[in-house]
Amino acid sequence: MTFSIHGLAVSRGIAIGRAVVVASSRMDVVHYFIRPDQVEAEILRARVARDAVIDELRRLQEEIPKDAPGELDALLEVHLMLLQDHALAEAIRHWITDRLYNAEWALTTQLEIISRQFDEMDDEYLRERKADLEQVVERILRHMKGAASPIPQLIAPQSGQQLPLDAAVETPLVLVAQDLSPADMLQFKRKVFVGFITAVGGKTSHTAIVARSMDIPAVVGARAASQLIRQDDWVIIDGNEGVVIVDPTPIILEEYSFRQRQNELERERLARLRYTPALTMDGQRVELLANIEQPSDGAAAVRAGAVGVGLFRTEFLFMGRSGNLPGEDEQYRAYCEVISSMQGMPITIRTLDVGADKPLDKAQPKDYYLNPALGLRAIRWSLADPVMFRTQLRAILRAAVHGPVKLLFPMLAHKSEIEQTLAQLRQAQSELDARGVQWGQVKLGAMIEIPAAALMVRSFLKYFDFLSIGTNDLIQYTLAIDRADEAVAHLYDPMHPAVLRLVAEVIAAANVAGKEVCVCGEMAGDLSMTRLLLGLGLRSFSMHPAQILAVKQEVLRADACKLAPWAQDVMDSESPASMLEH
Ligand code: PEP
Ligand code: MG
């Protein structure tokens with residue numbers, strides 16, 4: 001039966017595919033795609049584990065004391081019957097062969113399907129047999145753990161491992177999960193999943209940002225999605241409207257396929273703007289830059305028409321490595337890769353910004369402090385670990401020999417933090433000098449993403465060559481709204497007058513001081529904000545590459561001179577949002 005689930009639209013476009021529901025089962029298993037030549041071995045692995053459990057249960061049965069209650073024997077008999085069920089073995093074979101799922105994934109997928117069938121049964125006795133099935137599956141999984149396949153995990157990736165993502169799965173697949181970490185998200189390549197749905201998450205959560213950067217339709221905060229959507233259901237993700245349609249009728253499918261084609265046409269039309277200079281109608285030059293997460297994103301940024309990287313979120317180099325952080329040389333190579341792919345265009349490298357919704361590792365307990373967004377994150381983290389911080393600074397300084405690099409520090413708020421940061425930088429430079437290693441000059445920038453920093457912008461301008469406004473955090477901290485919490489997502493308002501006032505004042509102060517200022521939060525790629533930001537005097541926007549040409553189109557249609565007085569009216573209004581709509 002067709003039904004829809006509403007969530008938050010975080011990444012545009014329409015995706016149609018079959019649902020792969022992960023982590024909805026209470027069993028925490030690894031999920032990855034195998035290669036077609038590994039199918040038989042994987043089926044065998046599943047069978048060996050099942051046979052081992054059968055042997056185990058038979059032994060248990062033999063050892064039952066004579067005076068034990070008869071139910072025990074009957075229970076084991078039920079478990080044995082479930083294990084030997086031909087249909088179960090066949091289903092597992094199907095998931096492994098047709099979908100190239102690893103054995104654990106195949107098993108839990110089938111468990112979910114059967115569990116639902118049990119849930120729908122009228123007979124209470126039969127309904128309760130679901131628990132038996134779960135126990136049986138858990139036993140098999142335990143055996144599989146002992147005989148794990150050497151293929152790396154997809155959904156719980158290990159550091160530095162190459163992932164077999166070139167799965168030859170024909171059917172388009174849509175990933176449905178309760179939650180995904182930003183690092184998990186990065187592991188998914190377009191050819192494996194055509195879209196994502198998560199039950200939790202906010203519009204500017206880092207998971208959403210990564211989905212946008214990959215240009216894959218996504219809806220987050222679709223509560224209960226992982227309970228309501230069943231394995232293999234056909235699903236439509238409308239990433240423009242934030243709607244998920246499950247089990248669509250042929251007419252609905254036809255409608256969305258049509259919209260999908262329209263989107264493609266629109267993209268093709270925009271692609272023509274790639275080499276058009278971003279000038280407003282009155283001839284003002286606007287810089288459209290890319291936000292990237294991985295060194296390999298540089299090439300895509302150039303293809304998307306970016307004239308530089310305005311924000312390289314380096315934390316993604318550090319994530320999911322079980323504490324084995326990249327050393328100076330590895331980082332140096334990563335930064336050089338971006339420099340080389342940007343072909344002489346400027347690159348703004350931001351130092352590590354981990355913490356809050358960007359844990360270094362999944363294992364890091366999420367709630368060991370009460371307010372992670374207010375805790376040890378970003379520059380605070382770096383200053384708390386100066387050895388790690390200087391390693392990164394040295395790698396960036398060395399890379400700066402090869403191209404125009406700007407160095408950006410996240411989440412500064414205190415004068416003392418600025419001073420400590422600059423002292424660490426000087427020390428990193430001295431360390432390179434002491435080693436006789438060459439390093440390049442870099443422009444220094446501060447993220448303005450804490451209201452305190454925005455209010456003290458003039459002091460910041462004394463220390464830094466440029467500013468970058470991180471609206472994602474600036475909104476979060478100004479309005480006290482957790483950017484990753486869908487329960488308060490409706491209050492996360494980029495057009496709140498307080499937010500706009502802070503943004504406007506930072507832009508104005510930088511312009512008066514003759515220093516560069518950029519917006520690199522999601523606001524920069526939000527088409528409804530482009531004209532206002534231009535009117536406020538912003539000339540540098542950094543966003544996920546897929547949005548660059550759409551923003552360029554807005555720029556080309558804008559008359560910056562006329563927008564300036566209008567922007568002031570918007571700022572004076574108590575309801576800026578209504579003025580933007582008009
Ligand atoms: C921001 O806060 O706006 C920003 C660009 O940084 P991040 O999203 O990585 O926190
Ligand atoms: Mg930020």
Side-chain angles (χ1 to χ4, degrees), residues 10-11 181-183 185-186 201-214 220 288-294 297 301 306 309-319 347-360 372-382 406-413 417 445-454 460 466-485 489 492-496 499-500 502-503 506-507 517-526 529 533 538 540-545 547:
V10 297
S11 187
S181 78
M185 199 71 147
L186 268 187
K203 229 174 169 154
T204 58
S205 67
H206 286 92
T207 304
I209 288 174
V210 175
R212 266 196 292 277
S213 81
M214 294 194 303
V220 303
L288 300 180
L289 306 163
N291 291 354
I292 63 168
E293 277 80 39
Q294 287 180 315
D297 294 342
V309 168
L311 174 64
F312 177 10
R313 290 185 164 98
T314 58
E315 47 276 14
F316 288 89
L317 298 174
F318 291 69
M319 286 180 185
I347 295 123
T348 303
I349 304 181
R350 183 177 72 182
T351 60
L352 188 69
D353 180 1
V354 283
D357 72 331
K358 282 185 286 192
L360 264 189
L374 304 183
L376 196 65
R377 275 197 57 180
I379 197 70
R380 303 169 183 184
W381 185 301
S382 294
K406 294 157 114 183
L407 181 53
L408 180 61
F409 299 104
M411 262 191 94
L412 288 163
E417 285 174 323
M447 295 276 300
I448 304 294
E449 51 185 345
I450 297 182
F460 274 69
F466 70 97
L467 301 177
S468 193
I469 309 177
T471 48
N472 307 337
D473 278 316
L474 190 60
I475 298 167
Q476 153 163 279
Y477 296 127
T478 306
L479 302 179
I481 299 298
D482 186 336
R483 60 194 269 191
D485 185 349
Y492 186 94
D493 180 9
M495 289 175 208
H496 190 292
V499 171
L500 293 181
L502 291 175
V503 171
V506 173
I507 296 172
V517 57
C518 176
V519 168
C520 66
E522 296 302 293
M523 192 186 272
D526 180 344
M529 301 294 289
L533 291 171
L538 188 75
S540 178
F541 296 65
S542 192
M543 67 204 79
H544 55 100
Q547 198 61 2

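What's counted below: heavy atoms across the whole structure, side chains too, no hydrogens, waters or symmetry copies. Each ligand, and each atom within it, is numbered from 1 in the order the structure gives.
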Novice: For ligand 1, which part of Q476 has a heavy atom less than 4.0 Å away: the side chain, the backbone, both, or neither?
Specialist: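 Neither; no heavy atom under 4.0 Å.
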
Novice: To the closest 0.5 Å, what do you measure between CD1 (I379) and CG (L408)?
Specialist: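 Result: 9.5 Å between the selected atoms.
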
Novice: Give the minimum heavy-atom separation between L288 and M543, together with the two atoms involved.
Specialist: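 Shortest heavy-atom contact: CD2-CE, 4.0 Å.
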
Novice: Which pair of heavy atoms, one from I349 and one from T314, lies closest together, and at what distance?
Specialist: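 Minimum heavy-atom separation between I349 and T314: CG2-CG2, 3.4 Å.
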
Novice: Distance from Q476 atom CD to I450 atom CD1, nearest 0.5 Å?
Specialist: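 These two atoms lie 10.0 Å from each other.
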
Novice: Run the numbers on Y492 and N472 for side chain to side chain contact (heavy atoms under 4.5 Å, CB included), then give the verdict.
Specialist: CA-CA 9 Å; Y492 186 94; N472 307 337; 3.9 Å; yes

Novice: Considering C520, S468, C518, which one's heavy-atom position lies nearest to atom 5 (C) of ligand 1?
Specialist: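 It is C520 whose heavy atom sits nearest to atom 5 (C) of ligand 1.
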
Novice: Nearest to atom 6 (O) of ligand 1, what protein heavy atom do you find, and at what distance?
Specialist: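 So the nearest neighbour among protein heavy atoms is R350 NH1, 2.9 Å.
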
Novice: Compare every heavy atom of T348 with every heavy atom of G310, then report the nearest pair and how far apart it is.
Specialist: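 Between these two residues, the closest heavy atoms are O-CB, 3.3 Å.
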
Novice: Just to be sure I read this right, does ligand 1 sit under 4.0 Å from the backbone of L311, its side chain, both, or neither, counting only heavy atoms?
Specialist: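 L311 to ligand 1: side-chain contact only, backbone stays beyond 4.0 Å.
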
Novice: Where is the tightest heavy-atom contact between L289 and A306, given as atom of each residue plus distance?
Specialist: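 Scanning both residues completely, I find the closest heavy atoms to be C-CB, 4.3 Å.
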
Novice: How does N291 reach ligand 1, if at all, at less than 4.0 Å between non-hydrogen atoms: by side chain, backbone, both, or neither?
Specialist: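 For N291, no heavy atom sits under 4.0 Å from ligand 1.
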
Novice: Tell me the nearest of M411, R483, E449 to atom 8 (O) of ligand 1, using heavy-atom distances.
Specialist: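 Nearest option to atom 8 (O) of ligand 1, by heavy atoms: R483.
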
Novice: Going by an N to O cut-off under 4.0 Å, is there a salt bridge joining D473 and R483?
Specialist: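 Salt bridge present between D473 and R483.
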
Novice: With atoms numbered from 1 as shown, which atoms in ligand 1 lie under 4.0 angstrom from a non-hydrogen atom of G470?
Specialist: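 Going through ligand 1 atom by atom, the ones under 4.0 Å from G470 are 1 (C), 2 (O), 3 (O).
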
Novice: Drop me the distance from L412's CG to I448's CD1, to the nearest 0.5 angstrom.
Specialist: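 These two atoms lie 8.0 Å from each other.
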
Novice: Where does E293 meet ligand 1, judged by heavy-atom distances below 4.0 Å: at the side chain, the backbone, both, or neither?
Specialist: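 The answer is neither.
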
Novice: Can you tell which part of E522 has a heavy atom less than 4.0 Å from ligand 1: side chain, backbone, both or neither?
Specialist: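 Contact part for E522 vs ligand 1: neither.
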
Novice: What's the atom name of the N, O or S in E449 nearest to the Mg ion (ligand 2)?
Specialist: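 That would be atom OE1.
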
Novice: Which heavy atom in G201 sits nearest to a heavy atom in V220, and how many Å separate them?
Specialist: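 In terms of heavy atoms, the two residues are closest at O-CG2, 3.3 Å.
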
Novice: Would E315 count as a polar contact of ligand 1, with the cut-off being nitrogen or oxygen pairs under 3.5 Å?
Specialist: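 N/O-N/O distance below 3.5 Å does not exist for this pair.
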
Novice: If you look at D473, which of its N/O/S atoms is nearest to the Mg ion (ligand 2)?
Specialist: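 Within D473, restricted to N, O or S, the Mg ion (ligand 2) is closest to atom OD2.
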
Novice: Could you list the atoms of ligand 1 found under 4.0 angstrom from a heavy atom of I209?
Specialist: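 Those qualifying, in numeric order: 8 (O).
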
Novice: Below 4.0 Å from any atom of ligand 1, is there a heavy atom belonging to M447?
Specialist: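 M447: in contact with ligand 1 (<4.0 Å).
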
Novice: Considering non-hydrogen atoms of the protein only, which is the closest contact for atom 7 (P) of ligand 1, and what is the distance?
Specialist: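 Nearest neighbour among protein heavy atoms for atom 7 (P) of ligand 1, to 0.1 Å: H206 NE2, 3.2 Å.
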
